[in-house]
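By convention in this document, chain letters (A, B, ...) are assigned in the order of the sequence lines, proteins followed by strands, and residues within each chain are numbered from 1. Hydrogens, waters and symmetry mates play no part in the numbers below; they use all other heavy atoms, side chains included.
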Amino acid sequence: MTNHEISAVFRAIGSLLQIRGDDAFRARIYERAADVIEDFPSELSAEASEQNTPGYNKSAIEQLRATPGIGKAIQDKTVEMLETGRCRYYDDLTAEMGTGILELLELRGVGVKTVGRFYQELGVRDLEDLQALLESGKMRGLKGIGKKTLQMISESLAFRTQLRKARPLWAVLPIAQRISENLAQFGWIKRKPEFTGHLRRSEEICRGIELIVECQDESAFQFENGVVPDSLQAFLEPFSQTQIVFKTGDQTQYLYDSDSASLIEKSQDEPTSDVREMLPVIQFYIDQYFPASIYLCTAATSELTLFLTTAADAHFDALPDCPSPQTTEHGITEAEIYEELGLSYIPPELRQDSTSVAAAKDNTLPDLVEFTDLRGDLHAHTDSSDGRNTLQEIVAAAKAEGLEYFAITDHSVSSTVANGLDQKRLLEQVKQVRELDAEIEGITVLAGSEVDIRRSGTLDFPDEILAQLDIVVASVHSHFNLTEAEMTKRIVRAIEHPFVNIIGHPTGRMLGRRPMYPLNLEEVIAAAAENDTVLEINGSPSRLDLDPQFVRMAKDAGVLLAVNTDAHAIRQLSHRHSGLNVARRGWLTKAEVINTYTLEELREQCSIGVPS
DNA sequence: GCCGTTTTCGGCCCGACTGTTTTCAGTCG
């Protein structure tokens with residue numbers, strides 16, 4: 001198991017204990033353990049840490065045990081998970097309570113106390129139970145839950161229900177990776193499975209998992225006599241609660257019967273001429289709601305399959321012609337397919353809608369920004385506010401990543417929960433940053449702040465303080481329930497502030513948790529263009545804010561963007577990757593992303609890197 | 001469950017603010 005998976009188990013234990021009404025302090029220990037392991041600097045499993053010994057990474061476990069708050073019980077359960085892949089304590093808890101109850105915690109308007117009451121007093125075990133309860137009217141008159149709260153729960157429930165079919169990339173990726181790793185072990189697979197569909201397009205919200213596996217030869221997916229190889233049976237076992245469909249290339253469909261491990265021919269659908277319907281594929285559901293497709297191909301058909309399955313429907317329909325399924329022995333490459341279609345090559349991230357097809361026809365597709373173009377990060381936190389690492393640690397890590405410059409932007413005083421810095425602490429930090437910058441070779445450290453935009457649009461620090469900073473990122477962290485007009489005015493006011501360089505996570509959305517706050521993006525973008533204020537693409541997988549559609553709007557208005565990590569720990573420096581994906585999906589070129597600038601260019605063109 | 005002893009139990013608890021409700025749960029990063 002990976003650190004991430006272990007962390008998720010501990011977090012679930014913590015939540016379940018609270019819902020059941022156990023000791024809150026004990027529950028908190030599990031949550032803290034989840035935090036520690038999530039951000040642990042090395043993988044605890046020997047495999048994941050690439051040590052050759054089987055089992056767990058011994059020195060990492062010792063280091064974990066030495067962490068404050070991690071005791072023997074947590075260590076034992078961690079080792080148990082690394083050795084067996086299971087945690088008996090967790091299994092017992094979920095056997096008693098189910099896992100559906102955890103989904104209720106994601107609802108807005110309720111916390112662990114209310115969910116605990118639903119569970120303990122009303123016997124609610126999942127979203128369906130709650131939905132039924134809401135519809136029955138039994139929730140009305142419940143102590144402590146008034147009309148407004150009820151309304152919020154209802155809306156949030158609808159948001160969650162929708163989310164079962166459309167999930168954030170960060171939630172889907174680990175499942176897809178696990179499936180890919182499981183498949184890769186089988187002898188009939190020639191090389192590691194490849195992501196396609198939503199995953200290959202790097203969509204922030206996925207509606208399915210689609211993988212391509214290249215088989216040794218076609219016999220691997222003809223399934224003659226209804227025989228399914230043992231390895232595939234083992235693979236499909238966890239999904240056998242849902243319908244599993246096998247399609248061969250000739251439009252024959254089979255239903256998989258897990259009891260007899262055999263295929264039963266399914267009544268024929270209407271014949272179709274859509275070549276995508278003729279691809280050999282195994283389709284099933286990850287759980288009740290989320291579809292997965294595993295496309296089977298050979299070396300000769302792999303790139304064609306990749307091409308056909310990467311395009312979103314709207315994009316596919318806009319293609320001038322459908323590529324012919326005939327292939328040569330070596331197979332046809334995607335580049336050759338585009339050439340044949342009379343189009344310039346369209347990067348997977350742009351195969352979302354019809355607009356890229358039109359641009360490919362005219363040869364006007366942008367030259368998209370590349371990961372290697374990124375020179376620095378302009379939004380990161382240390383343990384002075386709510387980051388996990390010290391200034392020295394995270395700067396050293398940024399340097400090791402090859403960054404040329406790195407801005408320290410801890411929270412400001414209003415963000416009390418995040419231990420925001422007051423003026424005195426900020427000025428102390430600025431001094432430390434300047435000292436570190438003078439000391440360290442190979443990277444420039446910038447002194448900044450992620451300043452709260454207050455309710456009225458004023459900033460959390462006076463001008464004479466802001467003037468001493470190299471960079472000011474201004475963000476909204478409170479009062480999310482303003483009207484659209486109020487929120488727009490608030491943010492525009494911050495944009496107009498002469499010392500603000502960048503607006504951080506401009507729409508405030510949290511993928512899978514809450515939608516963006518009401519905001520008139522046209523006005524915000526127009527103001528940013530007018531005032532030369534940069535808008536942020538926040539690379540945190542749970543945000544990915546701005547959304548690509550807004551990135552494109554900003555680009556078209558001539559606004560520059562910053563791809564920032566908002567790193568709260570060293571590992572989160574990797575958020576540059578997810579941020580870059582968004583930039584590419586928003587059609588950005590190198591010149592439109594300020595992190596690709598040299599420090600000198602940043603100073604001259606963005607007034608970043610110098611006190612105001 | 002963890003920690004640290006006045007060494008085998010007792011204390012631990014992100015916190016200011018909001019909004020709905022009437023005394024407290026939820027929110028924010």
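- Distance alone, capped at 3.5 Å, is enough to place a donor-acceptor pair between the A/Glu486 side chain and the A/Thr483 backbone.
- Distance, A/Asp460 CG to B/dC28 P: 18 Å, rounded to whole Å.
- One finds the CD1 atom of A/Ile502 at 10.0 Å from the OG1 atom of A/Thr533 (value rounded to the nearest 0.5 Å).
- Using a 4.0 Å heavy-atom cutoff across all strands shown, A/Arg543 reaches sugar-phosphate atoms only and no base atom.
- Here the shortest heavy-atom pairing between A/Val534 and A/Leu561 reads CG1-C, 3.7 Å.
- Salt-bridge formation is detected for the pair A/Arg585/A/Glu204: a Lys NZ or Arg NE/NH1/NH2 atom is positioned less than 4.0 Å from an Asp or Glu carboxylate oxygen.
- Residues A/Arg86 and A/Glu80 are not paired through a salt bridge, judged by the lack of any N-O separation under 4.0 Å between the basic side chain and the carboxylate.
- Side-chain nitrogen and oxygen atoms of A/Arg108 include at least one within less than 4.0 Å of the OP1 or OP2 phosphate oxygen of B/dC28.
- Out of B/dT18, B/dA25, B/dG29, the shortest distance to the side chain of A/Thr114 is found at B/dA25.
- Listed nucleotides B/dG26, B/dG19, B/dG29 differ in distance to A/Val417; the shortest reach to its side chain belongs to B/dG29.
- Put simply, CZ on A/Phe480 is 17 Å from P on B/dC17, counting in whole angstrom units.
- For the pair A/Asp452 (side chain) and A/Arg454 (backbone), a donor-acceptor distance under 3.5 Å is absent.
- If you take atom C1' in B/dT7 and the same atom in B/dC2, they sit 15 Å apart, rounded to whole Å.
- Residues A/Val369 and A/Val563 have side chains not in contact (no heavy-atom distance under 4.5 Å, counting atoms from C-beta outward).
- Contacts between residues 89-99 of chain A and DNA chain B, defined by a heavy-atom separation below 4.0 Å, involve no residue at all.
- The side chain to side chain donor-acceptor pair (under 3.5 Å) pairs that include a residue from residues 504-520 of chain A are A/Glu450-A/His505, A/His477-A/His505, A/Thr507-A/Asp545, A/Arg509-A/Asp547, A/Asn520-A/Glu523, where partners are two or more places apart or lie in different chains.
- At least one test fails for A/Lys77 against the ring of A/Phe10: distance under 6.0 Å to the centre or angle within 45° of the axis.
- Within a heavy-atom distance below 4.0 Å of DNA chain B, the residues of residues 8-37 of chain A found are A/Asp23, A/Phe25, A/Arg26, A/Arg28, A/Ile29, A/Tyr30.
- Rounded to whole Å, atom C1' of B/dG29 lies 9 Å from atom CG of A/Asp566.
- Side-chain atoms of A/Thr416 lie closest to B/dA16 of the nucleotides B/dA16, B/dC28, B/dC2.
- As judged by a 4.0 angstrom heavy-atom cut-off over every strand, A/Gly109 is placed among residues touching the sugar-phosphate backbone only.
- Across B/dG15 and B/dG10, the matching P atoms stand 25 Å from one another, rounded to whole Å.
- The distance from atom NE2 of A/His411 to atom P of B/dC28 is 14 Å, rounded to the nearest whole Å.
- Spacing between atom CG of A/Asp386 and atom C1' of B/dC14 amounts to 11 Å, rounded to whole angstrom units.
- Taking the C1' atoms as reference points, B/dC9 lies 26 Å from B/dC14, given to the whole Å.
- Rounded to whole Å, atom P of B/dC14 lies 17 Å from atom NE2 of A/His568.
- Across all strands shown, nothing is found opposite B/dT8 as a Watson-Crick or G-U wobble partner with both distances under 3.5 Å.
- Here the C1' atom of nucleotide B/dT27 and the CG atom of A/Leu105 are 15 Å apart, to the nearest Å.
- The P atoms of B/dT23 and B/dC13 are separated by 28 Å, rounded to the nearest whole Å.
- Taking atom P in both B/dG11 and B/dT6, the straight-line distance is 15 Å, to the nearest Å.
- B/dT18 adopts an anti glycosidic conformation, its chi angle falling more than 90° from 0.
- By the 4.0 Å N-to-carboxylate-O rule, A/Arg571 lies too far from A/Glu38 to be salt-bridged with it.
- Here the side chain of A/Arg65 is nearest to one of B/dC2, B/dC3, B/dT18, namely B/dC3.
- Straight-line distance from the CG atom of A/Leu482 to the P atom of B/dT18: 12 Å, rounded to whole Å.
- Sequence order on DNA chain B of the closest nucleotides to A/Arg513 and A/Asn481 puts A/Asn481 first from the 5' end.
- In summary, A/Lys72 and A/Asp76 engage in a salt bridge, as defined by a charged side-chain N under 4.0 Å from a carboxylate O.
- Rounded to the nearest Å, the gap between the P atom of B/dA16 and that of B/dT20 is 22 Å.
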